Amino acid sequence: MTTGTHVSQVASGVYRCTLPTGFAVGDVHAYLIPDQQGVTVVDAGLGTEESMAALEQGVRDIGCTLDQAHTIVLTHGHADHAGGAATLKERTNARLIGHPLLLRWLQPTAESRRAEDEFFERLYCACGLSQPLRETARSEQNRYRQMVRPVCLDAGAGEDDIVSGWRIVYTPGHSESHLSLWREHDRTMIGGDSCIQHISANALVEPDEECLGRVQSVAQFRRTFLKLRAMEISVILPGHGESVLDPQALIFRRLHDQEKRVAQLVAAIDTEERTVWDLASSLFPRHLKEPTLIVSEVLGHLDYAVTVGQVTSSCDRNGVARYRLAR
Ligand SMILES: [Zn+2]
(Lines give C-alpha, C1' and ligand atoms only; values in the text may rest on other atoms or scores of the structure.)
Protein backbone atom coordinates (compact mmCIF):
# COMPACT_ATOMS: atom_id res chain seq x y z
CA MET A 1 0.00 0.00 0.00
CA THR A 2 1.40 3.37 -0.94
CA THR A 3 0.51 6.26 1.32
CA GLY A 4 2.49 9.06 -0.28
CA THR A 5 5.16 9.72 -2.83
CA HIS A 6 7.97 8.29 -0.74
CA VAL A 7 6.25 6.39 2.08
CA SER A 8 4.90 2.88 1.76
CA GLN A 9 3.77 0.19 4.15
CA VAL A 10 6.25 -2.65 3.79
CA ALA A 11 5.15 -4.92 6.66
CA SER A 12 2.32 -4.91 9.16
CA GLY A 13 2.62 -1.59 11.03
CA VAL A 14 5.95 -0.69 9.39
CA TYR A 15 6.29 2.19 6.94
CA ARG A 16 9.31 2.79 4.73
CA CYS A 17 10.21 6.45 4.28
CA THR A 18 12.73 7.11 1.52
CA LEU A 19 15.18 9.98 2.07
CA PRO A 20 17.65 11.60 -0.37
CA THR A 21 21.40 11.36 0.36
CA GLY A 22 23.23 12.68 -2.70
CA PHE A 23 25.65 9.74 -2.19
CA ALA A 24 26.53 7.22 -4.90
CA VAL A 25 24.52 4.61 -2.98
CA GLY A 26 21.35 6.64 -3.68
CA ASP A 27 18.40 7.11 -1.33
CA VAL A 28 18.33 5.67 2.16
CA HIS A 29 15.27 4.32 3.97
CA ALA A 30 14.13 5.26 7.44
CA TYR A 31 11.41 2.99 8.88
CA LEU A 32 8.48 4.40 10.83
CA ILE A 33 6.70 2.21 13.39
CA PRO A 34 3.67 3.97 14.90
CA ASP A 35 2.20 2.76 18.21
CA GLN A 36 -0.15 4.08 20.92
CA GLN A 37 2.57 6.31 22.36
CA GLY A 38 3.70 7.83 19.06
CA VAL A 39 6.31 6.68 16.54
CA THR A 40 9.62 4.84 16.53
CA VAL A 41 11.99 5.97 13.77
CA VAL A 42 14.65 3.50 12.63
CA ASP A 43 17.59 5.44 11.12
CA ALA A 44 17.64 9.18 10.73
CA GLY A 45 18.94 9.81 7.21
CA LEU A 46 21.66 12.30 6.38
CA GLY A 47 20.13 15.23 8.25
CA THR A 48 20.27 17.74 5.42
CA GLU A 49 17.32 20.08 5.13
CA GLU A 50 16.02 18.07 2.19
CA SER A 51 16.31 14.80 4.07
CA MET A 52 14.69 16.17 7.25
CA ALA A 53 11.83 17.65 5.21
CA ALA A 54 11.25 14.26 3.55
CA LEU A 55 11.25 12.54 6.94
CA GLU A 56 8.84 15.08 8.40
CA GLN A 57 6.53 14.67 5.42
CA GLY A 58 6.77 10.87 5.75
CA VAL A 59 5.71 11.01 9.39
CA ARG A 60 2.78 13.25 8.40
CA ASP A 61 1.82 10.83 5.61
CA ILE A 62 1.21 8.11 8.19
CA GLY A 63 -1.01 10.43 10.22
CA CYS A 64 1.49 11.49 12.91
CA THR A 65 3.69 14.50 13.59
CA LEU A 66 7.44 14.53 14.09
CA ASP A 67 7.14 15.56 17.75
CA GLN A 68 5.30 12.27 18.39
CA ALA A 69 8.52 10.36 17.71
CA HIS A 70 9.51 8.85 21.07
CA THR A 71 12.35 6.54 20.00
CA ILE A 72 15.08 6.74 17.36
CA VAL A 73 17.06 3.57 16.70
CA LEU A 74 20.24 3.71 14.61
CA THR A 75 21.26 0.55 12.78
CA HIS A 76 24.83 1.90 12.51
CA GLY A 77 26.88 5.09 12.52
CA HIS A 78 27.41 5.86 8.83
CA ALA A 79 26.45 9.37 7.77
CA ASP A 80 23.52 8.35 5.53
CA HIS A 81 21.87 6.59 8.51
CA ALA A 82 23.07 8.56 11.54
CA GLY A 83 23.87 12.02 10.12
CA GLY A 84 20.37 13.26 10.97
CA ALA A 85 20.27 11.82 14.51
CA ALA A 86 21.27 15.07 16.27
CA THR A 87 18.72 17.20 14.38
CA LEU A 88 15.96 14.62 14.74
CA LYS A 89 16.58 14.33 18.47
CA GLU A 90 16.54 18.11 18.89
CA ARG A 91 13.23 18.35 17.06
CA THR A 92 11.53 15.47 18.83
CA ASN A 93 13.12 14.88 22.22
CA ALA A 94 12.99 11.18 21.39
CA ARG A 95 15.32 8.67 23.07
CA LEU A 96 18.26 7.82 20.84
CA ILE A 97 19.22 4.16 20.90
CA GLY A 98 22.02 2.26 19.18
CA HIS A 99 24.91 -0.11 19.75
CA PRO A 100 27.38 1.17 22.39
CA LEU A 101 30.16 1.13 19.74
CA LEU A 102 28.30 4.02 18.07
CA LEU A 103 29.96 6.34 20.58
CA ARG A 104 32.98 6.50 18.30
CA TRP A 105 30.76 7.95 15.56
CA LEU A 106 28.41 10.07 17.65
CA GLN A 107 30.58 11.39 20.48
CA PRO A 108 34.15 11.56 19.26
CA THR A 109 36.71 13.27 21.49
CA ALA A 110 39.91 14.99 20.36
CA GLU A 111 41.77 12.00 21.79
CA SER A 112 39.65 9.35 20.03
CA ARG A 113 39.95 11.25 16.74
CA ARG A 114 43.72 11.45 17.12
CA ALA A 115 43.96 7.72 17.88
CA GLU A 116 41.81 6.99 14.82
CA ASP A 117 43.89 9.28 12.60
CA GLU A 118 47.07 7.54 13.71
CA PHE A 119 45.49 4.14 13.15
CA PHE A 120 44.51 5.00 9.57
CA GLU A 121 47.88 6.59 8.79
CA ARG A 122 49.61 3.35 9.90
CA LEU A 123 47.05 1.27 8.03
CA TYR A 124 47.33 3.14 4.74
CA CYS A 125 51.14 3.06 4.93
CA ALA A 126 50.97 -0.70 5.51
CA CYS A 127 48.65 -1.00 2.51
CA GLY A 128 51.23 0.69 0.26
CA LEU A 129 49.33 3.95 -0.39
CA SER A 130 51.49 6.87 -1.52
CA GLN A 131 51.35 10.15 0.40
CA PRO A 132 48.86 11.79 -2.04
CA LEU A 133 46.63 8.69 -1.90
CA ARG A 134 46.72 8.71 1.90
CA GLU A 135 45.66 12.34 1.83
CA THR A 136 42.78 11.55 -0.53
CA ALA A 137 41.69 8.71 1.76
CA ARG A 138 41.87 10.86 4.90
CA SER A 139 39.97 13.77 3.36
CA GLU A 140 37.31 11.33 2.12
CA GLN A 141 36.93 10.01 5.67
CA ASN A 142 36.89 13.48 7.22
CA ARG A 143 34.14 14.56 4.86
CA TYR A 144 31.95 11.68 6.03
CA ARG A 145 32.83 12.27 9.69
CA GLN A 146 31.73 15.89 9.47
CA MET A 147 28.33 14.81 8.19
CA VAL A 148 27.57 13.17 11.55
CA ARG A 149 26.86 15.92 14.07
CA PRO A 150 27.77 14.90 17.63
CA VAL A 151 24.85 13.71 19.75
CA CYS A 152 24.43 11.70 22.96
CA LEU A 153 23.17 8.16 22.85
CA ASP A 154 20.45 7.77 25.52
CA ALA A 155 20.78 4.01 25.75
CA GLY A 156 22.99 1.33 24.29
CA ALA A 157 21.30 -1.72 22.80
CA GLY A 158 22.73 -5.12 22.05
CA GLU A 159 21.77 -8.73 21.33
CA ASP A 160 18.31 -9.69 22.63
CA ASP A 161 17.40 -6.27 24.05
CA ILE A 162 13.82 -5.27 23.27
CA VAL A 163 13.22 -1.84 21.73
CA SER A 164 9.66 -0.74 20.85
CA GLY A 165 8.61 -4.40 20.90
CA TRP A 166 11.36 -5.52 18.47
CA ARG A 167 14.28 -7.72 19.45
CA ILE A 168 17.77 -6.40 18.73
CA VAL A 169 20.05 -8.70 16.72
CA TYR A 170 23.73 -7.75 16.63
CA THR A 171 24.77 -7.86 12.96
CA PRO A 172 28.36 -6.56 12.59
CA GLY A 173 30.33 -6.71 9.34
CA HIS A 174 29.39 -3.65 7.30
CA SER A 175 30.21 -1.75 10.52
CA GLU A 176 31.11 -3.12 13.93
CA SER A 177 28.34 -1.02 15.48
CA HIS A 178 25.66 -2.56 13.25
CA LEU A 179 22.43 -3.91 14.69
CA SER A 180 19.12 -5.05 13.22
CA LEU A 181 15.58 -5.24 14.59
CA TRP A 182 13.65 -8.52 14.61
CA ARG A 183 9.95 -9.27 14.99
CA GLU A 184 9.51 -12.95 15.69
CA HIS A 185 5.80 -13.42 14.99
CA ASP A 186 5.98 -12.54 11.29
CA ARG A 187 9.75 -13.15 10.96
CA THR A 188 10.39 -9.59 9.79
CA MET A 189 13.80 -7.94 10.10
CA ILE A 190 14.73 -4.29 9.71
CA GLY A 191 18.25 -4.99 8.53
CA GLY A 192 20.08 -1.69 7.92
CA ASP A 193 22.95 -2.34 5.52
CA SER A 194 23.54 -5.98 6.50
CA CYS A 195 21.66 -7.43 3.52
CA ILE A 196 20.89 -5.27 0.49
CA GLN A 197 19.29 -6.83 -2.58
CA HIS A 198 20.98 -4.92 -5.41
CA ILE A 199 24.48 -4.34 -4.02
CA SER A 200 26.93 -6.20 -1.86
CA ALA A 201 27.59 -3.83 1.07
CA ASN A 202 31.28 -3.26 1.83
CA ALA A 203 32.77 -4.68 4.99
CA LEU A 204 34.43 -1.39 5.91
CA VAL A 205 37.73 -1.52 7.75
CA GLU A 206 37.43 -0.09 11.25
CA PRO A 207 39.91 0.13 14.12
CA ASP A 208 39.27 -1.95 17.23
CA GLU A 209 38.16 -0.14 20.39
CA GLU A 210 41.71 0.82 21.41
CA CYS A 211 42.63 1.80 17.83
CA LEU A 212 45.55 -0.63 17.97
CA GLY A 213 44.42 -3.28 15.53
CA ARG A 214 41.67 -3.62 12.96
CA VAL A 215 38.37 -5.46 13.13
CA GLN A 216 38.26 -8.64 11.03
CA SER A 217 35.36 -7.20 9.08
CA VAL A 218 34.82 -9.88 6.41
CA ALA A 219 35.02 -12.73 8.94
CA GLN A 220 32.55 -10.78 11.10
CA PHE A 221 30.24 -10.26 8.12
CA ARG A 222 30.34 -14.00 7.35
CA ARG A 223 29.35 -14.86 10.93
CA THR A 224 26.49 -12.38 10.64
CA PHE A 225 25.31 -13.98 7.36
CA LEU A 226 25.43 -17.45 8.92
CA LYS A 227 23.49 -16.22 11.94
CA LEU A 228 20.81 -14.60 9.74
CA ARG A 229 20.60 -17.72 7.57
CA ALA A 230 19.72 -19.77 10.65
CA MET A 231 16.90 -17.40 11.64
CA GLU A 232 14.45 -18.30 8.85
CA ILE A 233 13.65 -14.68 8.09
CA SER A 234 10.61 -13.98 5.88
CA VAL A 235 11.57 -10.49 4.80
CA ILE A 236 14.45 -8.09 5.38
CA LEU A 237 13.63 -4.39 5.20
CA PRO A 238 16.97 -2.88 4.14
CA GLY A 239 18.57 0.55 4.40
CA HIS A 240 18.74 0.85 0.61
CA GLY A 241 16.73 -0.60 -2.27
CA GLU A 242 13.82 -3.01 -2.33
CA SER A 243 12.69 -5.32 0.47
CA VAL A 244 14.57 -8.61 0.46
CA LEU A 245 11.81 -11.16 -0.14
CA ASP A 246 14.03 -14.25 -0.31
CA PRO A 247 16.62 -13.66 2.41
CA GLN A 248 17.95 -17.24 2.25
CA ALA A 249 18.85 -16.88 -1.43
CA LEU A 250 20.44 -13.46 -0.93
CA ILE A 251 22.52 -14.59 2.07
CA PHE A 252 23.71 -17.59 0.07
CA ARG A 253 24.68 -15.23 -2.75
CA ARG A 254 26.53 -12.83 -0.41
CA LEU A 255 28.53 -15.69 1.17
CA HIS A 256 29.38 -16.86 -2.34
CA ASP A 257 30.38 -13.28 -3.35
CA GLN A 258 32.94 -13.26 -0.53
CA GLU A 259 34.39 -16.59 -1.67
CA LYS A 260 34.55 -15.30 -5.25
CA ARG A 261 36.39 -12.15 -4.11
CA VAL A 262 38.96 -14.25 -2.23
CA ALA A 263 39.45 -16.42 -5.34
CA GLN A 264 39.90 -13.26 -7.43
CA LEU A 265 42.56 -11.95 -5.04
CA VAL A 266 44.35 -15.29 -4.99
CA ALA A 267 44.43 -15.25 -8.82
CA ALA A 268 45.69 -11.63 -8.84
CA ILE A 269 48.49 -12.35 -6.37
CA ASP A 270 49.61 -15.19 -8.64
CA THR A 271 53.30 -15.94 -8.05
CA GLU A 272 54.26 -12.41 -6.91
CA GLU A 273 54.24 -10.51 -3.64
CA ARG A 274 51.58 -7.80 -3.68
CA THR A 275 50.58 -4.90 -1.48
CA VAL A 276 46.93 -4.12 -0.77
CA TRP A 277 47.16 -1.13 -3.09
CA ASP A 278 48.70 -3.25 -5.92
CA LEU A 279 45.65 -5.49 -5.69
CA ALA A 280 43.07 -2.73 -5.13
CA SER A 281 44.28 -0.71 -8.12
CA SER A 282 44.41 -3.71 -10.43
CA LEU A 283 40.97 -5.03 -9.38
CA PHE A 284 39.19 -1.66 -9.25
CA PRO A 285 40.90 0.63 -11.79
CA ARG A 286 37.75 2.74 -12.12
CA HIS A 287 37.56 3.49 -8.39
CA LEU A 288 41.05 4.86 -7.72
CA LYS A 289 39.52 8.08 -6.41
CA GLU A 290 37.76 6.16 -3.63
CA PRO A 291 40.76 4.56 -1.90
CA THR A 292 38.95 3.97 1.43
CA LEU A 293 36.30 1.79 -0.24
CA ILE A 294 38.61 -0.31 -2.39
CA VAL A 295 41.22 -0.73 0.34
CA SER A 296 38.46 -1.99 2.68
CA GLU A 297 37.21 -4.41 0.07
CA VAL A 298 40.67 -5.86 -0.60
CA LEU A 299 42.08 -5.76 2.92
CA GLY A 300 38.99 -7.29 4.52
CA HIS A 301 39.04 -10.23 2.11
CA LEU A 302 42.84 -10.63 2.41
CA ASP A 303 42.47 -10.81 6.20
CA TYR A 304 39.92 -13.55 5.68
CA ALA A 305 42.17 -15.35 3.14
CA VAL A 306 45.01 -15.26 5.70
CA THR A 307 42.70 -16.65 8.42
CA VAL A 308 41.65 -19.59 6.24
CA GLY A 309 45.26 -20.26 5.24
CA GLN A 310 45.16 -19.35 1.53
CA VAL A 311 47.45 -16.33 1.76
CA THR A 312 50.31 -15.23 4.03
CA SER A 313 51.67 -11.77 4.68
CA SER A 314 54.80 -10.14 6.02
CA CYS A 315 55.92 -6.56 6.61
CA ASP A 316 59.00 -5.03 5.05
CA ARG A 317 61.37 -2.57 6.82
CA ASN A 318 59.03 0.34 6.10
CA GLY A 319 56.00 -1.38 7.57
CA VAL A 320 54.44 -2.17 4.18
CA ALA A 321 52.57 -5.50 4.19
CA ARG A 322 53.08 -7.84 1.24
CA TYR A 323 50.83 -10.77 0.48
CA ARG A 324 51.73 -14.02 -1.23
CA LEU A 325 50.04 -17.35 -1.74
CA ALA A 326 50.43 -19.85 1.08
CA ARG A 327 52.36 -22.96 0.05
ZN1 LIG B 1 26.41 1.97 5.97
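Each ligand, and each atom within it, is numbered from 1 in the order the structure gives. Quick caveat, the model's predicted, so the values are computed rather than measured.
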Open item on the list: Checking side-chain polar atoms at under 3.5 Å, does Arg261 have a donor or acceptor matched by the opposite partner on Gln264?
Closed with: yes

Open item on the list: Using 30° and 60° as the class boundaries, would you call the ring planes of His178 and His76 parallel, tilted or perpendicular?
Closed with: parallel

- [ ] Look at His174 and state whether any of its N, O or S atoms is less than 2.8 Å from the Zn ion (ligand 1).
- [x] yes

Open item on the list: Among the N/O/S atoms of His78, which is closest to the Zn ion (ligand 1)? Give the atom name.
Closed with: ND1

TODO: Please note down the angle at the Zn ion (ligand 1) between NE2 of His76 and OD2 of Asp193, to the nearest 10°.
DONE: 90°

Open item on the list: Are Trp277 and Leu302 linked, directly or through intermediate hydrophobic residues, by side-chain heavy-atom contacts shorter than 4.5 Å (ILVMFWY only)?
Closed with: yes

- [ ] Answer with yes or no after comparing the ring centroid distance for His240 and His29 against a 6.0 Å cut-off, counting only values under it.
- [x] no

